[in-house]
**Q** 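One structure, pasted below without further comment.
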Amino acid sequence: MIPIKKNKYTAWLHWNISAQCNFDCTYCFGKIPVNRSELREIDIEKLLGTLEKDGRIFRISFTGGEPFLIPNIVEACAAITKKHFVSFNSNLVLPNVEKFADRINPERVVFIQASFHSRELEGKKLFDKYLTNFQLLKSRGFEILAEAVAFPTDYELHDKYKIILKENGIDLKFAPFVGSLNSKKYPQSYSPAEIIKYGLDEERIKAHFQKGKLCNAGFNASVVYSNGDVYPCFQIKEKMGSVNDGIEFSDTLRKCPAKFCGRPLNNYDRRLFELGIVSRQ
Ligand code: SF4
């Protein structure tokens with residue numbers, strides 16, 4: 001549940017800021033290796049102009065790839081959070097994380113989802129960096145949670161790190177894997193025992209299948225691609241504008257047209273979805 005003091009935004013941009021990632025997790029779809037010369041900076045002035053034109057208070061959730069690879073991500077967050085809110089999905093090991101902890105007001109950060117990628121952290125010897133950055137952000141008052149993908153071939157590693165993290169005061173949660181493995185489709189192939197053991201949220205699994213149900217995608221929530229183009233969600237290909245020169249939101253909620261949804265916006269931020277329902281009445 002998002003704390004009340006951070007509930008002030010009424011619109012949301014879910015920004016897949018770059019597909020580039022410093023990790024190479026098996027279960028990640030769409031990632032590409034880091035090529036710093038091709039990392040695009042955020043045009044802060046144009047972005048703020050777009051938010052201003054819309055007039056609402058926004059939450060911008062940065063995801064990827066790895067958002068802390070963006071060279072001016074901290075400067076962009078410092079400017080955005082003067083009025084709006086941000087949230088992050090990050091593997092937490094890049095130098096920009098410390099800069100972020102020093103410069104950004106935790107009151108304006110809805111949460112940081114510190115994705116725990118055990119195989120990569122172990123292989124790249126970055127577990128200590130993850131832990132140090134997690135504890136730094138926590139000590140500065142940021143809302144932060146550790147979450148791993150319940151990838152079926154990694155259960156042994158998960159069990160090991162769940163204990164180590166617990167010893168360090170961190171409660172590791174699990175999110176369902178979305179994709180195919182050994183001819184099985186996930187998340188629908190988790191057994192009841194796996195669901196219980198990893199505390200998987202059955203509502204969250206069901207939320208991937210909601211063809212015909214109401215969604216606020218394009219109404220008060222939308223997704224942004226790495227080039228800044230804005231769409232209702234990753235399944236609906238109707239361009240709404242760009243973070244660089246304005247976004248046209250729809251004035252109605254829509255019925256979900258997709259058989260399967262990778263990132264159900266109406267479930268990922270329930271409060272905004274409910275606000276959308278209320279504003280129709
Ligand atoms: S595909 Fe997902 S985000 Fe898009 S309308 Fe359906 S539930 Fe909403």
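Indexing begins at 1, ligand by ligand and atom by atom, following the structure's order. Atom set for the values below is all heavy atoms of this structure, side chains included, hydrogens, waters and symmetry mates excluded. Residue numbers run from 1 in the order of the sequence given.
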**Q** Take every heavy atom of R263, measure it against each atom of ligand 1, and state whether any distance is under 4.0 Å.
**A**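 Flag set, R263 near ligand 1.
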**Q** Is the distance between the ring centroids of F100 and F142 less than 6.0 Å?
**A**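 Yes.
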**Q** Among all the protein's non-hydrogen atoms, which is closest to atom 6 (Fe) of ligand 1, and how far away is it?
**A**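 Answer for atom 6 (Fe) of ligand 1: C256 SG, 2.3 Å.
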**Q** Over 60° means perpendicular and under 30° means parallel, so classify the ring planes of H158 and Y198, tilted if in between.
**A**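 Rings of Y198 and H158: perpendicular, over 60°.
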**Q** Please list, in number order, the atoms of ligand 1 under 4.0 Å from a heavy atom of L265.
**A**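 In order of number, 3 (S).
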**Q** Establish, from distance only, whether the side-chain atoms of S61 and N89 form a donor-acceptor pair under 3.5 Å.
**A**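 No.
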**Q** How about C233: does one of its N, O or S atoms come closer than 2.8 Å to atom 6 (Fe) of ligand 1?
**A**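 No, outside the cut-off.
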**Q** Heavy-atom contacts with A258 under 4.0 Å: which atoms of ligand 1 show up? List them by number with element.
**A**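 Taking each heavy atom of A258 in turn, ligand 1 has 1 (S) under 4.0 Å.
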**Q** Between Y268 and F273 (judged by ring centroids, cut-off 6.0 Å), do the two rings come close enough to count as a pair?
**A**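 So the answer is no for these two rings.
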**Q** Using a strict 4.0 Å cut-off to heavy atoms of Q210, name the atoms of ligand 1 that fall inside it.
**A**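 Here the atoms of ligand 1 in question are 7 (S).
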**Q** Can you check whether F260 and F209 have ring centres sitting under 6.0 Å from each other?
**A**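 Aromatic pair counts; centres sit under 6.0 Å.
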**Q** Which ligand 1 atoms are under 4.0 Å away from a heavy-atom of C261?
**A**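 Selected atoms, number and element: 1 (S), 2 (Fe), 3 (S), 7 (S).
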**Q** Report the nearest protein non-hydrogen atom to atom 8 (Fe) of ligand 1: residue, atom name, distance rounded to 0.1 Å.
**A**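 The protein heavy atom lying closest is C215 SG, 2.4 Å.
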**Q** Before we go on, tell me: are the rings of F68 and F88 under 6.0 Å apart, centre to centre?
**A**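 Yes - the distance between ring centres of F68 and F88 falls below the 6.0 Å cut-off.
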